[in-house]
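Computed from a prediction, not measured in an experiment: that's the story for all the values here.
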Amino acid sequence: MTKVRKRSSNRKHLRFFNWQFLLFISFVSIPLELKASEILKPPLQLATEFQAESTVQLDDFLVSEKLDGVRGYWDGSSMRTRSGRKINLPDWFTKGFPDYPVDGELWIGRNQFDQVSAIVRKTNATKTQWQQVRFMVFDLPAETTHFATRYKKALAELSDISTHIEVIPQFSVKDKLALDRRLTDIIENNGEGLMLHRKTALYQVGRTGDIVKLKPFYDAEARVLAHKEGKGKYIGMMGALLVETKQGKQFSIGSGFSDEERRNPPKVGSTITFKYYGETQKGTPRFASFLRVRDPI
C-alpha cells in the first residue's frame with residue numbers, strides 16, 4: 001500500500017533506469033498502446049449539470065433518459081469513443097448505418113455500464129457479446145438545423161435501418177413536478193437520470209447549457225495520487241484515496257469501497273470514477289464516494 005509520505009520514492013527509482021531498458025520498453029509497448037494516428041477526439045457536444053436553483057423553462061426543452069453506456073461518435077464509416085479511441089465494431093453490426101455523422105451511446109441496458117465498457121475495450125469481442133449492444137442515437141452533428149428538427153430527421157431516417165441502431169425517445173414535460181416524477185420512475189428502475197435538450201439549439205462542440213443532465217447525484221473522474229492508511233477496523237488496509245481532478249482539485253475519498261477494494265486499492269496513477277452531490281464553496285466535490293476504476297476506453 002502506498003502511503004502519502006512515500007510519494008517521492010517512485011521518482012528516486014527512476015534514476016536507476018538505463019537507456020537500454022527504456023528503449024526496450026518503448027518497443028514492446030507499441031502493440032499495447034494506441035498509436036497517435038489512431039487517437040482522434042471527435043467533435044462532441046457536452047452537457048452541463050442541472051442546478052437546483054435553475055430557472056429553466058421546461059417548455060423550451062425536450063427530455064430523454066440519460067443512458068449509462070459508452071459515448072460513441074459515428075463519422076459515417078467508423079466509430080470513436082469520447083477520448084478518440086477507435087472502436088472495433090463488427091461489419092455486420094454497422095451494416096446499414098448512415099454515411100453521415102451520428103452522436104450516440106453504445107448501450108446494453110440500465111445499470112450495465114461495466115459490461116458494455118468491457119466489450120468496447122476488447123479487440124476480439126464475440127458476436128454474442130456485440131449482439132447485446134445497441135447504438136442509441138443522441139443527435140446528428142453535421143445538421144445545421146435546430147435540435148427538434150434534427151430529432152425528427154433521426155426518427156425518419158434511422159428508426160428502421162438496423163436492429164443495432166435506435167433513436168433515443170424524446171418527450172415533453174409540463175412542469176417541474178412532472179419532471180421529478182419522470183426522474184423518480186427512472187431511478188427506481190435502475191436508470192441513471194434525465195437529459196434536457198433545448199429545442200432550438202444548434203449542435204455546438206464543447207460544453208453547452210443547451211443540454212442539461214439531471215441526476216440524483218453526479219459523477220466525475222480523478223487520478224489517484226496516494227493511499228492513506230486505514231484506522232480502526234481498517235488498520236492494515238487503505239483508509240482513503242488522495243485524488244486530483246482534471247481541474248487540479250485535490251481531496252480524499254474514503255467511502256464507497258468494499259473490504260476487498262481496501263485490501264487491493266486502485267493503483268497510484270490510475271483513474272477512478274466517483275460520485276458526488278454538488279460542490280462545496282471551495283469547489284471540491286461534496287460527499288464524494290468511490291464508484292469504480294475507470295479503464296481506458
Side-chain angles (χ1 to χ4, degrees), residues 39-87 94 96-107 134-162 164-176 178-179 182-183 186 191-215 218-220 246-247 297:
I39 301 179
L40 181 63
K41 288 188 177 183
L44 293 175
Q45 185 169 243
L46 304 174
T48 55
E49 297 174 354
F50 187 87
Q51 303 298 324
E53 66 275 11
S54 174
T55 57
V56 167
Q57 297 296 317
L58 293 177
D59 288 344
D60 295 339
F61 288 81
L62 289 173
V63 184
S64 64
E65 180 175 349
K66 186 182 188 306
L67 304 183
D68 189 16
V70 174
R71 187 78 174 265
Y73 184 91
W74 173 257
D75 64 9
S77 60
S78 64
M79 186 177 295
R80 294 182 182 272
T81 65
R82 177 174 167 177
S83 64
R85 287 167 170 78
K86 188 174 181 179
I87 302 172
T94 60
F97 276 30
D99 59 2
Y100 51 79
V102 179
D103 185 6
E105 192 147 330
L106 291 167
W107 190 66
R134 285 171 289 164
F135 182 46
M136 308 297 290
V137 176
F138 295 157
D139 212 334
L140 305 179
E143 293 295 312
T144 58
T145 54
H146 293 166
F147 175 72
T149 304
R150 299 197 302 272
Y151 173 57
K152 290 178 181 178
K153 178 173 180 175
L155 284 175
E157 297 187 2
L158 306 180
S159 293
D160 301 312
I161 61 172
S162 168
H164 307 297
I165 190 169
E166 182 177 331
V167 180
I168 300 175
Q170 303 286 337
F171 55 88
S172 299
V173 293
K174 62 180 181 180
D175 53 32
K176 183 68 164 51
L179 186 70
R182 284 277 195 164
L183 178 63
I186 286 175
E192 191 174 70
L194 295 172
M195 300 293 294
L196 283 66
H197 311 252
R198 190 180 300 277
K199 297 175 183 178
T200 58
L202 301 178
Y203 193 95
Q204 303 175 61
V205 176
R207 193 75 60 184
T208 172
D210 289 331
I211 304 180
V212 182
K213 54 185 175 182
L214 174 60
K215 302 167 60 175
Y218 299 102
D219 59 67
K246 291 181 180 179
Q247 294 73 35
I297 296 178

Closest non-hydrogen atom pair, Pro42 against Arg82: CD-O, 3.7 Å

Look up atom CD1 in Ile87 and atom OG1 in Thr94, then write down how far apart they are to the nearest 0.5 Å. 11.5 Å

With Glu105 via side-chain hydrogen bond (donor to acceptor under 3.5 Å, both in side chains) - residues at least two apart: none

List in chain and number order the residues that pass ring-ring contact (aromatic ring centres under 6.0 Å, His included) with Phe61, two or more places apart in sequence or in another chain; answer none if no residue qualifies. none

Which is it for His146 and Leu202 under the side-chain contact (heavy atoms from CB on, under 4.5 Å) test, yes or no, and what are the steps along the way? CA-CA 5 Å; His146 293 166; Leu202 301 178; 3.8 Å; yes

Under a 3.5 Å distance rule, please check whether Arg207 uses its side chain to pair with a backbone N or O of Ala47 as donor and acceptor. yes

Check the pair Ser172 / Val63 against side-chain contact (heavy atoms from CB on, under 4.5 Å), numbers first and verdict last. CA-CA 6 Å; Ser172 299; Val63 184; over 6 Å; no

Heavy-atom donor-acceptor pair, Trp74 side chain to Pro98 backbone, under 3.5 Å: yes

Where the side chain of Glu166 meets the backbone of Met136, is there a donor-acceptor pair that is under 3.5 Å apart? no

What side-chain donor-acceptor pairs closer than 3.5 Å can you find for residues 148-160, not counting sequence neighbours?
unit_1: Arg150; atom_1: NE; unit_2: Asp139; atom_2: OD1; d: 2.6
unit_1: Arg150; atom_1: NH1; unit_2: Thr145; atom_2: O; d: 2.6
unit_1: Arg150; atom_1: NH1; unit_2: Ala201; atom_2: O; d: 2.9
unit_1: Arg150; atom_1: NH2; unit_2: Asp139; atom_2: OD2; d: 2.9
unit_1: Tyr151; atom_1: OH; unit_2: Gln170; atom_2: N; d: 3.0
unit_1: Lys153; atom_1: NZ; unit_2: Glu143; atom_2: OE2; d: 2.7
unit_1: Glu157; atom_1: OE1; unit_2: Tyr100; atom_2: OH; d: 2.6
unit_1: Ser159; atom_1: OG; unit_2: Leu155; atom_2: O; d: 2.5

Separation between NZ of Lys176 and CG of Leu58, rounded to the nearest 0.5 Å: 8.5 Å

Taking all non-hydrogen atoms of both residues, which atom of Phe171 and which atom of Arg182 are closest, and how far apart? CE1-NE, 3.5 Å

Can a donor-acceptor pair be found, under 3.5 Å and without considering hydrogens, that links the side chain of Lys215 to the backbone of Glu49? no

Output for pair (Leu194 CG, Lys213 NZ), nearest 0.5 Å, gives 13.0 Å

For Arg85 and Ser83 the tightest heavy-atom approach is NH1-OG, 3.2 Å

Provide the closest heavy-atom pair for Thr48 versus Thr208 in the form atom of the first, atom of the second, distance. CG2-O, 3.4 Å

Evaluate side-chain contact (heavy atoms from CB on, under 4.5 Å) for Leu140 paired with Val102, printing each intermediate quantity in order. CA-CA 5 Å; Leu140 305 179; Val102 179; 4.1 Å; yes

Nearest non-hydrogen partners of Pro169 and Ser64, listed with the distance: O-CB, 3.3 Å

Give, for atom CD1 of Ile168 and atom CG of Leu67, the distance between the pair rounded to the nearest 0.5 Å. 4.5 Å

Could you check whether any side-chain N or O of Tyr203 sits under 3.5 Å from a backbone N or O of Gln45, counting only pairs where one atom can act as donor and the other as acceptor? yes

Looking at CG of Asp103 and CG of Asp75, how far apart are the two atoms once the value is rounded to the nearest 0.5 Å? 12.0 Å

What pair of heavy atoms forms the shortest contact from Pro141 to Tyr73, and how long is it? CG-CE1, 3.6 Å

Interatomic spacing from CZ in Arg71 to CZ in Phe138 - rounded to 0.5 Å: 5.5 Å

